[in-house]
Amino acid sequence: MEEVGRITRAAGVVSFFTLLSRLAGLLRDMVIGYLFGAQGTADAFFVAFRIPNLLRRLTAEGALTAGFIPVFTDCLTNRGKAEAMRVARIVFTFLGLFLAVLTLLGMLFAAPLTQLFAPGFLADRGKFGLTVFLTRLMFPYVFFVSLVALAMGVLNSLRHFMAPALSPVLLNLSIICCAILFSPWMEIPVISLGYGVLLGGVAQLLLQLPYLSRQGFTYSPDFHFKDPVLKRLLFLMGPTFIGAAVYQINVLVSTIFASMLPEGSVSYLYYADRLLQFPLGIFAVALGTAALPSFSSLVAKKEYDELKLGLSYSLRLVNFFSLPATMGLMIVSVPIFSLLFQRGAFDASATLGTAQALIYFSFGLWGFSGTKLVVPVFYAMEDTKTPVWVAFWSFVLNLFSSLILMGEITAGPDANMLARTVAAISQNVGLFSLGHGGLALATSISATFNFLVLLFILSRRLGRFPLGEFFLSFVRNLFNSLLMALPLVFIVRSVDWVGTERSLLTHGVIFLLLLGLGILLYLALSFLLRCPEWPIIREIGRKMTR
């Protein structure tokens, strides 16, 4: 039970600072939406930003962090802090050299990368050229933010969660400031966002340094690349890198398909995904971040009964939070984009298009959340291969689901072979015409499949895992969420959220009442039906207010 308490306290800390980060991110997206809407230049920025983000997740958050924390924790537990810090210096040196080369190559091959990610942009040379320029401008962000992710791995392993969780706030504030201060003075205003991303990467790294120093980490180059611990880390990273690559290929596929849909589709998916990340970051990512060091420590000590208890506890929290959040996002999809984004260049059609994407993304919130907790258990057990295989089949499912759900697409005369191939296939297998909504729904289907398969495999591997208790929790919380949703749907349908006569003040008050009513109804139902998660939530609240 000791590790359960640690997970609870750590999740509370991470949730709080992640909430600050998500609020800053929401403000950032509101600023971007106001200045650039869902137009061609916004599409260019979102694609260009996605390229270094993909590589960041491959080199850092995807492979490195997942492999590093179990290895670092094992060193910390069995060989002492001094040895763990020595290993960290070797990894920092190795990663820094690798990232420097990767950054230079990325800047050099920005045009082919853009053509790969957005073949549909070739029909508009101006849009394609802008995307290439922004990709080249923002590529050094990979270098800085990957080192940030490694620093986060060290700090999280030492049970310091505040600075890593606060770090993304600096990125969001940098983008906001550059957009507001510099965009009016630039010939192409959207370029100001690229400078904001670059500045944000530097600021995030600088934030971690004093906290690393306080934990006893002092950096000096260490070129002992033949160290067996580094070899072990690279061995673990191999399959993890492939697994992260499979996930990012999913993102790549969606971007390629969206670039071939009507203008604004890339932006619709971006804004919707950003809003989905709000509950996902506050609850699921916070739990996963807090749980990985605890899971790694339990595996190092071979305390598997405690591991099963901690995982079961965390998964029931996923049910409790993600299911009502799913219902809530679907119900308020139009109201929230109308209130937060519908102004300036972001018009009513953008609100409706983005709301459609959010509704379909919301179906996958439960699967996304569960995966954030189940995968760290495999990593803690130093099994990086199983998540790779499951992720591969999830990718295959996402690919075919996208082609079936988005409908027929056409390729222009300047389209490359990839775009023409995708268009030809879609005209033969496209059974529905959901457009960008189909891409979001395919992602949700894939995420749910990924979670359920991983959970089934893990339950068999751990033995006597309380799987029935987890699904009973799912049914109970789903029932409560559906009851909560009924009055909210009635209220939302009685208001015109996107009309020209809308009142922001009146609609804002109605929205806040909706939010408060939904939370109160769900908590009241959970209390009246004596849900076992209720004492857990009360305990989290008590520990967060200490």
Would you say Ser401's side chain and Leu397's backbone share a donor-acceptor pair under 3.5 angstrom? yes
May I have the step-by-step check of side chain to side chain contact (heavy atoms under 4.5 Å, CB included) for Thr354 and Tyr270, ending in yes or no? CA-CA 8 Å; Thr354 310; Tyr270 171 82; over 6 Å; no
According to the interplanar angle, ranging from 0 to 90°, do the rings of Phe471 and Phe474 count as parallel (below 30°), tilted (30 to 60°) or perpendicular (above 60°)? perpendicular
Taking CZ in Phe400 as the centre, count heavy atoms belonging to other residues, nucleotides or ligands within less than 6.0 Å. Is the count above 12? no
So which atom in Leu365 and which in Ser322 form the shortest heavy-atom distance, rounded to 0.1 Å? CD2-O, 3.7 Å
Hey, can you tell me if Phe392 and Phe395 have their rings parallel, tilted or perpendicular (30° and 60° cut-offs)? tilted
Given side chains that start at C-beta, do those of Leu198 and Pro140 come closer than 4.5 Å, heavy atoms only? yes
Looking only at non-hydrogen atoms, find the nearest pair between Met330 and Ser362 and report the distance. CG-CB, 3.6 Å
Do the side chains of Asn398 and Thr443 get nearer than 4.5 Å, heavy atoms only? yes
Measure the shortest side-chain to side-chain distance between Val145 and Leu171 over non-hydrogen atoms and say whether it is less than 4.5 angstrom. no
For Gly367, is there any backbone N or O sitting under 3.5 Å from a side-chain donor or acceptor partner on Asn450? no
For Trp393 and Phe449, what are the C-alpha separation, side-chain angles and deciding distance, and is it a ring pair (Phe, Tyr, Trp, His ring centres under 6.0 Å)? CA-CA 9 Å; Trp393 290 112; Phe449 170 83; 8.7 Å; no
Is it the case that atom CZ in Phe456 sees more than 12 heavy atoms from other parts of the structure closer than 6.0 Å? no
Evaluation steps, ring pair (Phe, Tyr, Trp, His ring centres under 6.0 Å), between Tyr271 and Phe346: CA-CA 11 Å; Tyr271 288 121; Phe346 201 101; 5.3 Å; yes
Taking the side chain as every heavy atom from C-beta outward, state whether Val318 and Ser314 have any pair of such atoms under 4.5 Å apart. no
Out of curiosity, Leu399 CG to Ile404 CD1, how far, rounded to the nearest 0.5 Å? 9.5 Å
Of all heavy-atom pairs linking Ala447 and Phe368, the shortest is CB-CE2, 3.4 Å
Any heavy-atom pair between the side chains of Leu462 and Leu311 that's under 4.5 Å? yes
Is there a side chain to side chain contact (heavy atoms under 4.5 Å, CB included) between Gln356 and Tyr360? Walk through the geometry before answering. CA-CA 7 Å; Gln356 181 191 10; Tyr360 288 121; 3.7 Å; yes
Approximate separation, where rounding is to 0.5 Å, of Ser394 OG and Leu454 CG: 7.0 Å
With a 6.0 Å cut-off on the ring centroids, do Phe321 and Tyr522 count as close? no
Which distance, rounded to the nearest 0.5 Å, do you find between the CD1 of Ile457 and the CG of Leu452? 11.0 Å
Please find the pair of heavy atoms, one from His436 and one from Ala357, that lie closest to each other, and give the distance. CD2-CB, 3.8 Å
Donor-acceptor under 3.5 Å (Ser433 side chain, Gly407 main chain): no
So, taking the atom named CZ in Arg136 and the one named CG in Leu113, what distance separates them when rounded to the nearest 0.5 Å? 10.0 Å
Given the rule in the side chain to side chain contact (heavy atoms under 4.5 Å, CB included) test, do Phe144 and Gln204 qualify, once you have shown the distances and angles that lead to the verdict? CA-CA 8 Å; Phe144 295 110; Gln204 287 183 89; over 6 Å; no
Take Ile336 and Leu329 through the side chain to side chain contact (heavy atoms under 4.5 Å, CB included) test and state the conclusion after the steps. CA-CA 9 Å; Ile336 198 167; Leu329 286 175; 5.6 Å; no
If you measure from CD1 on Ile32 to CZ on Phe46, what distance do you get to the nearest 0.5 Å? 5.0 Å
Side chain of Asp273, backbone of Leu269: donor and acceptor closer than 3.5 Å? no
Return the CG to CE distance between Leu323 and Met484, rounded to the nearest 0.5 Å. 9.5 Å
Going by heavy atoms in the side chains, are Leu488 and Met327 under 4.5 Å from each other? no
With a 4.5 Å heavy-atom cut-off, do Val375 and Phe451 have their side chains touching? no
Given Tyr268 and Phe361, is the ring pair (Phe, Tyr, Trp, His ring centres under 6.0 Å) satisfied, shown in steps? CA-CA 11 Å; Tyr268 298 154; Phe361 270 138; over 10 Å; no
For Val334 versus Thr351, what's the shortest heavy-atom pair and its separation? O-CG2, 3.8 Å
Which heavy-atom pair separates Trp366 from Thr448 by the least distance, and what is that distance? CZ3-CG2, 4.1 Å
If we only count heavy atoms from C-beta on, is the Ser481 to Thr326 side-chain gap below 4.5 Å? no
